[in-house]
Amino acid sequence: MNGVLLNFDGVKNVVQETDYELVKNDVYRAHDMLINKNGAGSNMLGWMELPENRDEEELARIISCAEKIRKQADVFIVVGIGGSYLGARAIIELFTDPLYNLKKTEERKGPQILYAGNNMSPKYIRSLIEYIEDKEVVVNVISKSGKTLEPAITFRMLKIFMEEKYGVGGAAERIYVTTDKEKGVLKELADKNYYETFIVPDDIGGRYSVLTPVGLLPIAVAGIDIEELLDGAMFASHLYNENDLKNNDCYKYAAIRNILYNKGKTVEIMSSFESHFHYFIEWYKQLFGESEGKDLKGILPYGMDYTTDLHSMGQYVQEGKRNLFETMIKIGLDRSFIKLPEAKEDIDGLNYLAGKDIDYINKQALEGTYKAHIEGGVPVVLITITDLTPYNVGQLIYFFEKACAISGYILGVNPFDQPGVEAYKQNMMALLEKEE
């Protein structure tokens with residue numbers, strides 16, 4: 001069942017039928033490059049068949065380990081940066097209580113989930129170590145090579161902490177490694193210390209890896225149904241495989257992005273009126289930014305949390321430079337069921353809204369913003385998730401992955417490499433080595 005619905009009415013003022021005709025052949029060529037695996041980065045297309053060709057034995061091991069972790073840990077720490085943690089965090093925060101980590105253990109029914117290795121802030125690392133001193137801790141370190149400096153530094157700190165707290169053997173029971181199947185310093189450490197190990201597939205890049213063990217183990221620890229997530233992605237892999245620009249919403253979205261880009265719309269805002277979509281937007285930013293931002297080309301992906309950002313960046317979106325377009329995400333069914341109560345004294349003047357769901361009020365803000373932005377010259381694609389379920393989110397993930405690949409090929413870049421990421425690393429390492 002299709003749980004992700006796209007509405008393109010908000011771009012009709014800018015995108016004409018003739019524009020689709022001009023880009024149609026580029027879309028079909030991009031489709032052929034993916035299907036025939038003869039485009040740039042064709043060795044990194046494992047994500048395409050992953051939902052259907054899932055390894056059931058490995059999936060069962062992930063679920064088993066997740067259950068073990070949920071029983072033994074007060075705190076579960078995910079160590080990774082970029083694609084090694086963003087996808088997992090995005091999904092976890094969609095399905096867990098916004099105040100999940102603040103609740104008592106019996107209320108959470110699972111460990112607190114914390115993230116580390118995504119920065120080198122000494123204040124954060126110190127605070128984390130101090131916080132977990134009296135807690136039962138499990139660590140999942142995620143890195144293909146094990147050499148990325150941010151997670152490597154953090155993991156060294158946590159490894160020493162764990163061995164001092166539990167002993168070398170006890171720590172080995174509480175450290176899980178997701179890394180390359182054959183090589184790398186993290187693989188070497190895992191083999192030496194007998195850590196439970198999961199594999200980062202060779203043919204799937206970090207930003208496309210959320211449906212591999214990279215994302216699935218942390219997601220399962222959060223108590224989310226990863227099989228349902230994969231089922232939704234599998235449905236999407238069939239739904240969005242038709243080489244038809246008119247009927248394939250995924251390809252249409254990719255085409256619209258490039259049409260708007262060629263009309264001077266160089267910044268895409270992804271927005272949501274649900275605060276728990278914040279890290280999903282962060283995942284989208286990496287997916288598209290790292291895939292398309294190269295060869296002096298690319299749309300700049302930007303994120304906004306509404307209504308919060310309507311009171312800061314809203315003015316710019318409404319009346320600033322018209323190089324923007326927007327992808328707005330809406331949830332159809334809200335399950336909060338919270339109404340605004342009536343006050344005896346209507347001092348704040350809100351009794352006219354008494355008895356209405358907060359979700360209804362929030363959706364009116366969405367509709368008002370949607371109309372205002374279109375009227376202000378910002379084309380808007382509206383994506384509605386009919387219900388926030390793992391199945392529908394799995395579909396949404398695959399939708400964006402496929403759209404990003406098609407969009408990158410239309411743009412004329414390799415959507416699966418990231419050569420520019422190495423520039424800061426090279427400079428940083430050169431500076432650090434100078435100090436020796």
### Query
If you measure from the Lys or Arg side-chain nitrogens to the Asp or Glu carboxylate oxygens, is any gap between Lys363 and Glu367 under 4.0 Å?
no
### Task
Working to the nearest 0.5 Å, report the span between CD1 of Ile406 and CG of Leu34.
4.5 Å
### Message
Pair Glu188, Lys192 - check salt bridge (Lys or Arg N to Asp or Glu O under 4.0 Å), show working.
### Response
CA-CA 6 Å; Glu188 185 179 339; Lys192 181 180 179 182; over 6 Å; no
### Query
Is the shortest distance from a Lys or Arg side-chain nitrogen in Arg61 or Asp55 to a carboxylate oxygen in the other one below 4.0 Å?
no
### Query
Does a side-chain heavy-atom distance below 4.5 Å link Lys159 with Arg156?
no
### Query
Under a 4.0 Å N-O cut-off, is there an ion pair linking Arg335 with Asp387?
yes
### Task
For the pair Arg29 and Asp26, find out whether any cationic side-chain nitrogen is under 4.0 Å from an anionic carboxylate oxygen.
yes
### Task
Give the ring-plane orientation class for Tyr208 versus Phe416, where under 30° counts as parallel, over 60° as perpendicular and anything between as tilted.
tilted
### Query
So, is the end of the Lys252 side chain (NZ or CZ) under 6.0 Å from the ring centre of Tyr20 and within 45° of the ring's axis?
yes
### Query
Between Arg70 (side chain) and Lys109 (backbone), is there a donor-acceptor pair under 3.5 Å?
yes
### Query
Is there a donor-acceptor pair under 3.5 Å between the side chain of Asn36 and the backbone N or O of Asp32?
yes
### Query
Could you walk me through whether Asp203 and Lys37 pass the salt bridge (Lys or Arg N to Asp or Glu O under 4.0 Å) check?
CA-CA 12 Å; Asp203 57 355; Lys37 299 184 177 182; over 6 Å; no
### Query
Looking just at side-chain N and O atoms, do Glu107 and Tyr100 make a donor-acceptor pair shorter than 3.5 Å?
no
### Message
Can you confirm whether the side chains of Ser271 and Glu326 place a donor and an acceptor under 3.5 Å from each other?
### Response
yes
### Query
Is there side-chain contact between Ile132 and Ile77, with at least one heavy-atom pair below 4.5 Å?
yes
### Query
Can you tell if the side chain of Val317 reaches within under 4.5 Å of the side chain of Met304, non-hydrogen atoms only?
yes
### Query
Do you know which two heavy atoms are closest between Gly80 and Pro151, and how far apart they sit?
CA-CB, 4.2 Å
### Query
Any sub-3.5 Å donor-acceptor pair from Lys294's side-chain atoms to Ser291's backbone N or O?
yes
### Query
Would you say Asp357 and Asn362 make side-chain contact, with heavy atoms under 4.5 Å?
no
### From Lys123 atom NZ to Ile125 atom CD1, the distance as rounded to the nearest 0.5 Å
13.5 Å
### Message
Donor-acceptor pair, distance only, cut-off 3.5 Å: does the side chain of Tyr166 make one with the backbone of Val137?
### Response
yes
### Message
Parallel, tilted or perpendicular, judged at 30° and 60°: which one describes the rings of Tyr284 and Phe400?
### Response
tilted
### Task
Mind running ring pair (Phe, Tyr, Trp, His ring centres under 6.0 Å) on Tyr251 and Tyr28 for me, showing each step along the way?
CA-CA 9 Å; Tyr251 288 11; Tyr28 296 160; 8.0 Å; no
#### Entry: Test: Asp180 and Lys187 ion pair at under 4.0 Å
no
### Message
Testing the 3.5 Å rule here: is there a donor-acceptor pair between the side chains of Thr327 and Glu268?
### Response
yes
### Message
Using 30° and 60° as the class boundaries, would you call the ring planes of His373 and Tyr306 parallel, tilted or perpendicular?
### Response
perpendicular
### Message
Could you measure the distance from the OG atom of Ser143 to the CG atom of Leu149? Nearest 0.5 Å is fine.
### Response
10.5 Å
### Task
Taking all non-hydrogen atoms of both residues into account, name the closest pair between Ile92 and Tyr115 and its distance.
CD1-OH, 3.5 Å
### Query
Can you tell me if Asn193 uses its side chain to pair, donor with acceptor, with the backbone of Tyr195 under 3.5 Å?
no
### Message
One thing to verify: whether Asp134 and Lys165 come together as a salt bridge, which I'm taking to mean a side-chain N less than 4.0 angstrom from a carboxylate O.
### Response
no
### Query
Can you find a heavy atom in the side chain of Leu366 that is under 4.5 Å from one in the side chain of Met328?
yes
#### Entry: Ion pair Arg257/Glu292, N-O distance below 4.0 Å
yes
### Query
Would you find a donor on one side and an acceptor on the other, under 3.5 Å apart, between the side chain of Asn248 and the backbone of Glu242?
yes
### Task
Quick one: sort the Phe277 and Phe280 rings into parallel, tilted or perpendicular, breaks at 30° and 60°.
perpendicular
### Message
Just so I know, are the side chains of Leu239 and Asn2 near enough to count as touching, which here means a heavy-atom distance under 4.5 Å?
### Response
yes
### Message
Within a 6.0 Å radius of atom NZ on Lys135, are there more than 12 heavy atoms belonging to other residues, nucleotides or ligands?
### Response
yes
### Query
Once the angle between the rings of Tyr253 and Phe288 is folded into 0 to 90°, is it parallel (under 30°), tilted (30 to 60°) or perpendicular (over 60°)?
perpendicular
### Query
Should Ile281 and Lys285 count as side-chain neighbours, where that means a heavy-atom distance under 4.5 Å?
yes
### Query
What pair of heavy atoms forms the shortest contact from Pro379 to Leu260, and how long is it?
CG-CD2, 3.9 Å
### Task
Inspect the surroundings of OH in Tyr194 and state if more than 12 heavy atoms from other residues, nucleotides or ligands are less than 6.0 Å away.
no
#### Entry: No-hydrogen, no-angle side-chain donor-acceptor test under 3.5 Å, Tyr131 and Gln112
yes
### Query
Any idea which heavy atoms bring Trp47 and Ala405 closest together, and the distance?
CZ2-CB, 3.8 Å
### Query
Would you say the side-chain atoms of Glu52 and His238 include a donor-acceptor pair closer than 3.5 Å?
yes
### Message
Restricting to non-hydrogen atoms, name the atom on Val75 and the atom on Pro111 that form the minimum distance, rounded to 0.1 Å.
### Response
N-CB, 4.1 Å
### Message
Has Ser145 got a side-chain atom pairing as donor or acceptor with Lys147's backbone, closer than 3.5 angstrom?
### Response
yes
### Query
How many angstroms lie between atom CZ of Phe337 and atom CG of Asp334, to the nearest 0.5 angstrom?
7.0 Å
### Query
Would you say Arg108's side chain and Gly110's backbone share a donor-acceptor pair under 3.5 angstrom?
yes
### Message
Would Arg54 and Asp231 count as a salt bridge (Lys or Arg N to Asp or Glu O under 4.0 Å) here? Give the steps.
### Response
CA-CA 10 Å; Arg54 68 189 77 171; Asp231 286 344; 3.0 Å; yes
### Message
Could you walk me through whether Phe399 and Tyr240 satisfy the ring pair (Phe, Tyr, Trp, His ring centres under 6.0 Å) test, starting with their C-alpha distance in whole Å, then the side-chain angles of each, then the deciding distance to 0.1 Å, before giving a yes or no?
### Response
CA-CA 7 Å; Phe399 167 86; Tyr240 302 128; 5.4 Å; yes
### Task
Would you please say whether a donor-acceptor pair under 3.5 Å links the side chains of Thr178 and Asn140?
yes
### Task
Considering non-hydrogen atoms only, spot the tightest contact between Ile224 and Pro390 and give its length.
CG2-CG, 4.1 Å
### Task
Look only at the side chain of Asn7 and the backbone of Asp9, and say whether a donor-acceptor pair between them is shorter than 3.5 Å.
yes
#### Entry: Between Asp244 and Asn247, a side-chain donor and acceptor under 3.5 Å
yes
### Query
In terms of heavy-atom contacts, does CD of Glu56 have more than 12 from other residues, nucleotides or ligands at under 6.0 Å?
yes
#### Entry: Polar side chain donor-acceptor pair, Asn119 to Ser121, under 3.5 angstrom
no
### Query
When you measure from the side chain of Ser64 to the backbone N and O of Ala60, does any donor-acceptor pair fall under 3.5 Å?
no
### Query
Any side-chain heavy atom of Leu324 within less than 4.5 Å of one from Lys265?
no
### Task
Determine, for Glu136 against Arg174, whether the closest basic-nitrogen to carboxylate-oxygen distance falls under 4.0 angstrom.
yes
### Query
Using a distance-only test with no angle check, is there a side-chain donor-acceptor pair under 3.5 angstrom linking Asn258 and Ser407?
yes
